[in-house]
2 protein chains.
Amino acid sequence: MRGMQIATDTRSRIIAAAKPRFHSRSYANVGIQEICESAGVQKGSFYHFFPSKRDLVLAVIDEFADEWAHGFVAEAFDPALPPMERIDYLVDAAYFWQKSIKQVHGRMLGCIFGNLTLEVSTQDDILRAKLLAIFSRAKSRFKATLEEAVAAGTIAPLDSDLTAEAMLAYLEGVILLAKSQNDPEVIYRLGPAIKTLRVETAG
Amino acid sequence: MRGMQIATDTRSRIIAAAKPRFHSRSYANVGIQEICESAGVQKGSFYHFFPSKRDLVLAVIDEFADEWAHGFVAEAFDPALPPMERIDYLVDAAYFWQKSIKQVHGRMLGCIFGNLTLEVSTQDDILRAKLLAIFSRAKSRFKATLEEAVAAGTIAPLDSDLTAEAMLAYLEGVILLAKSQNDPEVIYRLGPAIKTLRVETAG
DNA sequence: ATCGTAGTTGACCGTACGGTCAAATGCAAG
DNA sequence: CTTGCATTTGACCGTACGGTCAACTACGAT
């Protein structure tokens, strides 16, 4: 089945071409033609693998999510680490990643999930749902970590669900502000304060 | 000079047509033609008042900033209010504003400055600088408020500059997450935790 | 009455957009 | 050797994009 291999290769070349473009520019500003040229693929071939531009960006989101899940996130949420140190690790990872992107690319690109959320979520509920699911998983990681920290007595009891969401919000907000300054050092300076965030239990 | 009046009227009709569109969609997704049709203006007339699309969005940003500065922000940062209550007030204002937008428009549109920042700041340094200036002013408000709270003994001493920036980041992040859920209640739930954020003084 | 100019008109520029299609090609299975 | 399907090709669709332009209008100032 060499045909299959070529096929999947074409598909992944398209995604590989699309990823940095959607990350560094925006959904609307990247055209399918440009992606095809960069991937060395014809437009008809593109539409053989992706019914629409939206389906491409859906695949791109998945690739980014997998990349993170199997990379920094897996490292950060290592059960061997003390719970609260995992959160530090994640913030550090975000910092170093943005910093290295800036070194290579000249600009801070920020979080592709946040970028796409603010751009498209009023216009496309399917994309919004996809991004929401990504955030939801991220929140779960934070929540489990917080609960472990509470159980270990590292931190005082709190509303782990809301605090997890607050921490995720803060991380996205810090990256947003860093992007507005085109300066990853903002993450370095503000990131650690994530651990000061607390939502008390309602009861 | 009735000519001037008509002229400025055309200009502000253009801005008035552009504002809700840029807010509810995105920079790239709103065309000049559509704006002109909605404003009842010809394209040539548009380019008489605005050298480029970028100059229009610059004017739109200014209008939004003024609207906020003279509305909720002025109310929130009322010197008569106890300092930390001003921050609560601002978060509340963001919540009620987004809620009312959703009631009218059916969707949570979020913060136009955050939206534009993530969309265009890698592609247009002039727009980025404009948005950065907006955030910078917002941060100053927070900072002054924090310093007043410290002076009054309401809160323990902290790094007012970094904490102000952290609070602004958090607010933007909360609005981002709320937008991803198309639900302003997220702001209601997470907003108050803004006051738990702290960056300790370096010394 | 005339001049200068701000404002307006509507056609027009080249380019790019997302998406479609019929025809060709490559290749594995029968 | 043929059938059948996945894949690829490249031309093509209509529409919209940001922006330009010469001509025209309206009107205050001299």
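Side-chain atoms are counted along with the backbone in the values below, which use heavy atoms only and exclude waters and symmetry mates. In what follows, every chain begins at residue 1, and chains take the letters A, B, ... in the order their sequences are listed. This is a predicted model, so every value here is computed, not measured.
Using a 4.0 Å cut-off between charged nitrogen and carboxylate oxygen, A/Arg107 and B/Asp125 count as a salt-bridge pair.
Here A/Thr10 reaches the OP1 or OP2 of D/dT8: one of its side-chain N or O atoms lies under 4.0 Å away.
Aromatic pair B/Trp68/B/Phe64: ring centres not closer than 6.0 Å.
For the pair B/Gln33 CD and D/dC17 C1', the interatomic distance rounds to 8 Å; values are reported in whole Å. To the nearest angstrom, P of D/dA23 lies 22 Å from OH of B/Tyr47. Between the P atom of D/dA6 and the CZ atom of A/Phe49 lies a distance of 11 Å, rounded to the nearest Å. Taking atom CD1 on B/Ile14 and atom C1' on C/dT9, their separation rounds to 14 Å, with Å as the unit. Put simply, CD1 on B/Ile32 is 10 Å from P on D/dT20, counting in whole angstrom units. To the nearest angstrom, C1' of C/dG19 lies 14 Å from CZ of A/Arg54. Counting to the nearest Å, the P atom of C/dG18 and the CZ atom of A/Phe50 are 14 Å from each other. In this structure, the CD atom of A/Gln42 is 17 Å from the C1' atom of D/dA6, given to the nearest Å.
For A/His48 and A/Lys43, each mapped to the nucleotide of DNA chain D holding its nearest heavy atom, the one lying further toward the 5' end belongs to A/His48. Along DNA chain D, the nucleotide nearest B/Lys53 and the nucleotide nearest B/Ser45 are compared for position; the residue whose nucleotide lies closer to the 5' end is B/Lys53.
Between A/Phe135 and A/Phe113, the ring-plane angle classifies as perpendicular under the 30° and 60° cut-offs.
Closest of all the heavy-atom pairs between A/Leu197 and B/Thr196 is CA-OG1, 3.5 Å.
Across all strands shown, B/Gly31 has heavy atoms under 4.0 Å from sugar-phosphate atoms exclusively, and none from any base.
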